[in-house]
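Quick note on labels: first sequence line is chain A, next is B, and so on, each numbered from 1. A quick note: this is a predicted structure, and the numbers were derived from the prediction, not measured. What's counted below: heavy atoms across the whole structure, side chains too, no hydrogens, waters or symmetry copies.
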Amino acid sequence: MLKIYNTLTGRKEEFEPLTAGTVKMYVCGVTVYDECHLGHARSALVFETIRRYLERSGLAVTFVKNFTDVDDKIIKRANELKIPWQDVTSRYIDAYYRDMGRLGIQPATVEPKATEHMAEIVALVEALIRKDVAYQVNGDVYFQVGRYVGYGRLSKRKLDDMQAGARVEVDARKRHPMDFALWKGAKPGEPSWESPWGKGRPGWHIECSAMAMKHLGETFDIHGGGADLIFPHHENEIAQSCGATGKEFARYWLHNGFVQINQEKMSKSLGNFFTIREIFEKWGYREAVTGETLRYFLLSTHYRSPLDFSDQALQEAKRALDGFYGLFQRLEEAAQDSSRGDAHVPALVEPLDGAIRQAMDDDFNTPAAIAVLQRLRTDTNKLADAGLSRQAGARLLEAFRLAGRLFGMFQLSTKDWEFQDLGIKLKTAVALSDDEIERLIADRNEARKRRDFARADEVRQTLAAQGITLEDRPDGTTRWKR
RNA sequence: GGCGCCGUACCCAAGUGGCUAAGGGAGCAGUCUGCAAAACUGCGAUGCGGCGGUUCGAACCCGCCCGGCGCCUCCA
């Protein structure tokens, strides 16, 4: 039984989809005016993981994640770069897919763009005017917050409380300072679309309401996004949508916590952000290794908690994965000794799915699920110590890969994993071929047989300088890692 | 000013009323090894920011305090 923490109610609730067997979920994507940073990566990864888990649970998921491709920041950026605004959005949509691809994040079922939903947006604004919860002033249209009694129910705040502290410049044309734009009249040179109120463009919030309703219906199951979207974005979405339809909008609201640097929120305005691109370029590992390391790092904390980013934290994630891939290598070598461990394999493999399910059913508790995998790692190493047959090794390996698939981990071949620590990795640009390495190892093992340990250690030193670690097995053969 | 979140060992991090407070990393000791590495074993919070309270029983509930953070303005 899946329980989900719902921001709307402030409680963990049993999840019951509107239609049995299906889930309709909408997640706020990015505004495409710049490179994505780690915070965007976290949000994308959290909701993809939720989607994967729901699918694994047998539910048919329709997952909608939008691009905001018309907005003040995009216009500003286009002016700075002196290029058409469409070039800004297409450039950063490409960058988004590049970065998400590196992280192994799969596209959503539908990835709508605001600019492709103008008809729906205009129709929604018209409906709100018709219901008298929105009003137009010159070429602008505003939502009248005072007309929606539920305003504040998501963010748990009252209109009066907010008025006191609001530092916003109050637009005199608004009837209430918190009224927000549904439609903005175009100034010369700005992107614009025809509407009953003249040329203009949508406000930020309305696009999500329009696209969610178009692709998922007026009421759907899950709406997600970063915690910074609770107010005003999601609050306004609810007001608009419920104001227009008179029905509930999303039933479960999920919000992920921030990525932080030294306990502070990572954000553009503080200037303390790391782009996904930077991290991939700075880390010397191949993309798949860095990507999996980032996934492990991001999933090792519960999605609602803050997560502090640092090189050390990333290296701990890397070491944890080294342990798994080292074990996978052992499993691939199984059948070298006895098969005394085989009898215990079912006791490890059979409860695995249930244990992970138990963790994930509790509000997608990925750290607890990872702990399950870590315990399995220790237990499996013990069996490998005792000796495993080829079939038993394969079965265990398959169990890891299947469980890991949920988190986008454990899918690389052991040859493609890179075991070196970052410091060593960066120092060893020269790469020996597998054949050269094997030859040196054969050479060393000859020396060992002669008990010429000086020569044997010399070879080890040579290889260590290339970032290659040797591990002698009990049977006299040698395993190597790089 | 309003609303909300967080504080668990050296570091990261689960647990939110009841067996010995998960798991990982680092460290130390041991087993194995020609030496290593890996793996395994053992050690490590009598205590969960502090002080009170509720309870047969609290890291978990309530109150106050200390420390940190977020939202209220674009923000994943």
Side-chain angles (χ1 to χ4, degrees), chain A residues 7 10 12 27-31 33-34 36-47 71-73 76 152 155-169 178 204 224-233 235 255-260 262-270 273 296-297 300-302 304-308 310 312-313 315-323 326-327 329-330 359 362 365-378 380-382 384-386 419 448 451-454 456-457 460-461 464 469-474 478-481:
Chain A
T7 307
K12 265 188 215 173
V27 171
C28 290
V30 292
T31 301
Y33 73 105
D34 205 349
C36 291
H37 64 229
L38 246 199
H40 301 109
R42 185 180 193 192
S43 185
L45 178 60
V46 160
F47 290 106
D71 147 284
D72 292 350
K73 292 190 292 292
K76 184 166 171 251
S155 55
K156 319 263 187 281
R157 54 190 87 193
K158 299 188 189 89
L159 275 174
D160 296 342
D161 294 341
M162 286 186 287
Q163 242 178 309
R167 286 173 288 163
V168 211
E169 276 182 50
M178 296 310 293
W204 174 35
D228 44 1
L229 297 183
I230 295 171
F231 191 91
H233 186 53
E235 193 68 63
H255 295 94
N256 64 277
F258 299 128
V259 176
Q260 308 186 138
N262 296 325
Q263 318 291 329
E264 279 189 324
K265 179 184 174 184
M266 178 185 285
S267 74
K268 292 271 165 75
S269 46
L270 286 169
F273 61 92
Y296 189 100
F297 164 68
S300 63
T301 296
H302 185 84
R304 284 193 281 117
S305 300
L307 172 59
D308 224 76
S310 66
Q312 189 199 324
Q315 281 179 37
E316 282 190 12
K318 171 67 169 48
R319 280 192 205 107
L321 286 167
D322 288 342
L327 170 60
Q329 208 174 17
R330 291 186 84 183
D362 185 12
N365 193 334
T366 53
I370 287 174
V372 170
L373 294 169
Q374 288 285 8
R375 267 192 297 267
L376 179 65
R377 178 173 71 89
T378 300
T380 303
N381 264 315
K382 285 185 213 175
D385 280 355
F419 288 91
R448 287 171 70 210
R451 302 194 68 77
D452 180 359
F453 297 122
D457 288 346
R460 194 212 297 282
Q461 287 306 313
T469 309
L470 301 185
E471 298 173 6
D472 294 330
R473 301 190 190 91
T478 300
R479 169 195 305 133
W480 59 273
K481 293 176 176 172

Colleague: Reckon A:R304 has a side-chain N or O less than 4.0 Å from the OP1 or OP2 of B:G4?
Modeller: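 Checking A:R304 against B:G4: no side-chain N or O falls below 4.0 Å of OP1 or OP2.
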Colleague: Of the options B:C72, B:G23, B:A76, whose atoms approach the side-chain atoms of A:R157 most closely?
Modeller: B:C72
Colleague: With rounding to the closest Å, how many angstrom separate the C1' atoms on B:A26 and B:G68?
Modeller: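 Looking at atom C1' only, B:A26 and B:G68 are 25 Å apart.
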Colleague: Considering Watson-Crick and G-U wobble pairs with both distances under 3.5 Å, what does B:C32 pair with?
Modeller: none
Colleague: Test for a donor-acceptor pair under 3.5 Å between the base of B:G15 and the side chain of A:N365, counting only N and O atoms.
Modeller: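 When only heavy-atom distances are counted, A:N365 does not reach the base of B:G15 through any donor-acceptor pair under 3.5 Å.
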Colleague: Is any side-chain nitrogen or oxygen of A:T378 closer than 4.0 Å to OP1 or OP2 of B:G24?
Modeller: yes
Colleague: Please measure how far the P atom in B:U54 lies from the corresponding atom in B:G63, and state the result in whole Å.
Modeller: 15 Å
Colleague: For B:U16, which nucleotide in any strand shown is its Watson-Crick or wobble partner with both distances under 3.5 Å?
Modeller: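 In the structure as shown, B:U16 has no Watson-Crick or wobble partner.
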Colleague: If I pick the C1' atom on B:G7 and the same atom on B:U16, what distance separates them, to the nearest angstrom?
Modeller: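 These two C1' atoms come out 15 Å apart once rounded.
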Colleague: Does B:A76 have OP1 or OP2 under 4.0 Å away from a side-chain N or O of A:K268?
Modeller: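 For B:A76, neither OP1 nor OP2 has a side-chain N or O of A:K268 closer than 4.0 Å.
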Colleague: Could you check whether A:K318 makes a cation-pi contact with A:Y296, meaning its NZ or CZ is under 6.0 Å from the centre of the six-membered ring and within 45° of the ring axis?
Modeller: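 Ring-cation test returns no.
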Colleague: When rounded to the nearest Å, what value does the distance between C1' atoms of B:U8 and B:C60 take?
Modeller: 11 Å
Colleague: Check whether any side-chain N or O of A:N381 sits under 4.0 Å from OP1 or OP2 of B:C40, and answer yes or no.
Modeller: yes
Colleague: Using a cut-off of less than 4.0 Å, is there contact between a side-chain N or O of A:K265 and OP1 or OP2 of B:A76?
Modeller: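 No, no such contact exists.
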Colleague: Pick the C1' atom in B:G23 and in B:A14, then give their distance to the nearest Å.
Modeller: 7 Å
Colleague: Does B:A26 pair with anything, Watson-Crick or G-U wobble, both distances under 3.5 Å, and if so, with which nucleotide?
Modeller: none
Colleague: Any strand is fair game: report the nucleotide pairing with B:A9 by Watson-Crick or G-U wobble, both distances under 3.5 Å, or none.
Modeller: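 The base-pairing partner of B:A9, which may sit in any strand shown, does not exist here.
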Colleague: What interatomic distance, in whole Å, is found between C1' of B:A29 and the corresponding atom of B:G67?
Modeller: 37 Å
Colleague: Indicate yes or no for a side-chain donor-acceptor contact from A:K156 to the backbone of A:T7 under 3.5 Å, with no hydrogens or angles considered.
Modeller: yes
Colleague: Could you work out which one of B:A37, B:G25, B:A76 sits closest to the side chain of A:T469?
Modeller: B:A37
